Amino acid sequence: MSTGFALFQSAEMKYYQGNTASAFDYYQKSIKKILKDEIPTAKAPLPAGTKVPDDMPQELLGMVWRNFVGFFRDPNMNFTEENSPQAYKLLNSFRPGATKGYPRLERTERGRVLLTGMQVTAALTLGLLAWDKRDRATAAKRYREGIELANKHQAFVRLPPGTKGWELYVYHDLQEVKDNLGIIVANDEINAELVKGASGEEPKRKEVVDLPLPQVRVDKTGVATVEDTVKFATNACAKCGKRDSKLLVCSVCKKAHYCNTGCQRADWKTHKTSCTKP
């Protein structure tokens, strides 16, 4: 029976032969084999002296996972939920908040570090896939989930000098998550100013609105399209106006959003005049 490392080697061989579909399949088999039958924290048995990038995980599972999510992200490969449903199912099972558990990873401290990192990088990958489908709201939600999870684990937030391997890889992904979410929020702020006009009404998350001026959108393959509508990914705080993909919502009317309880209390004098149950 093939080991996780043997399956990983098969994936690498298929990749260098130009058979990316078969390589992608072997990466999935390797991940599943390691999670089911092997020690998930075991290091990859690479030959002595093998040169690898500083952010290459030492653990075999981390190494395989890095390549697996990389295939989803590579614009030249075009793996998606639609054409690779089983691979997407595996990826989505590591989404922060997913119900599926991985007890073999949860048994040890190092295993939990690997699991958290896989969840953070899954959030980035799922966000990118949602963005490619023009689903800005879901992309922003996945990015926010990844950031909130990582912020609970200092191993990925504040790296000591000289850190290499898994922690550095996840740290780099986390920076991309933050950058991508920042761009979505900034664009929503600009578009909100353009469309709310005289009414002063702030567009809501998932609301599709017409843009007064068409905008150019460039997809991951470099193809540019002109869009005259936008689907908002964020809500605005009813008090300070700050936009984000995850805000508190009034428990009574379910309409007013706030970035924190301080803003909610400060706005109550104004909000209570219109706050009614739906």
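Because the structure is predicted, anything quoted here is derived from the model rather than measured.
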Can you confirm whether [X] sits close enough to [Y] that some side-chain heavy atom of one is under 4.5 Å from a side-chain heavy atom of the other?
X: Leu35; Y: Arg104; result: no
X: Tyr88; Y: Asn83; result: no
X: Gln119; Y: His153; result: no

Is the shortest side-chain N to carboxylate O distance from [X] to [Y] below 4.0 Å?
X: Asp55; Y: Arg66; answer: yes
X: Glu145; Y: Arg142; answer: yes
X: Arg110; Y: Glu167; answer: yes
X: Asp25; Y: Lys14; answer: no

Next item on the list: Using the ring-ring contact (aromatic ring centres under 6.0 Å, His included) rule, pick out the option among Phe71, Phe79, Phe68, Tyr15 that qualifies with Tyr27.
Entry: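 Looking at Phe71, Phe79, Phe68, Tyr15, the match for Tyr27 under the ring-ring contact (aromatic ring centres under 6.0 Å, His included) is Phe71.
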Minimum-distance pair of heavy atoms, taken over all atoms of Leu247 and Ala236: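 Scanning both residues, the minimum pair turns out to be CD1-C, 3.8 Å.
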(message) Aromatic contact between Phe72 and Phe24, with the criterion being ring centroids under 6.0 Å apart: yes or no?
(response)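 Yes: the rings meet the under 6.0 Å criterion.
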Notebook entry, point to check: If you count the non-hydrogen atoms of other residues, nucleotides and ligands that lie under 6.0 Å from NZ in Lys246, is the total more than 12?
Noted result: no
Item to complete: Could you tell me whether Glu109 atom CD has more than 12 heavy atoms of other residues or ligands within 6.0 Å of it?
Response: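 Not buried by this count: 12 neighbours or fewer within 6.0 Å.
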*Linking I/L/V/M/F/W/Y whenever any side-chain heavy atoms sit under 4.5 Å apart, do Phe8 and Met13 land together?*
no
Please report the C-alpha distance between Phe5 and Val64 in whole Å, then the side-chain angles of each, then the deciding distance to 0.1 Å, and finally whether the side chain to side chain contact (heavy atoms under 4.5 Å, CB included) criterion is met. CA-CA 9 Å; Phe5 185 65; Val64 183; over 6 Å; no
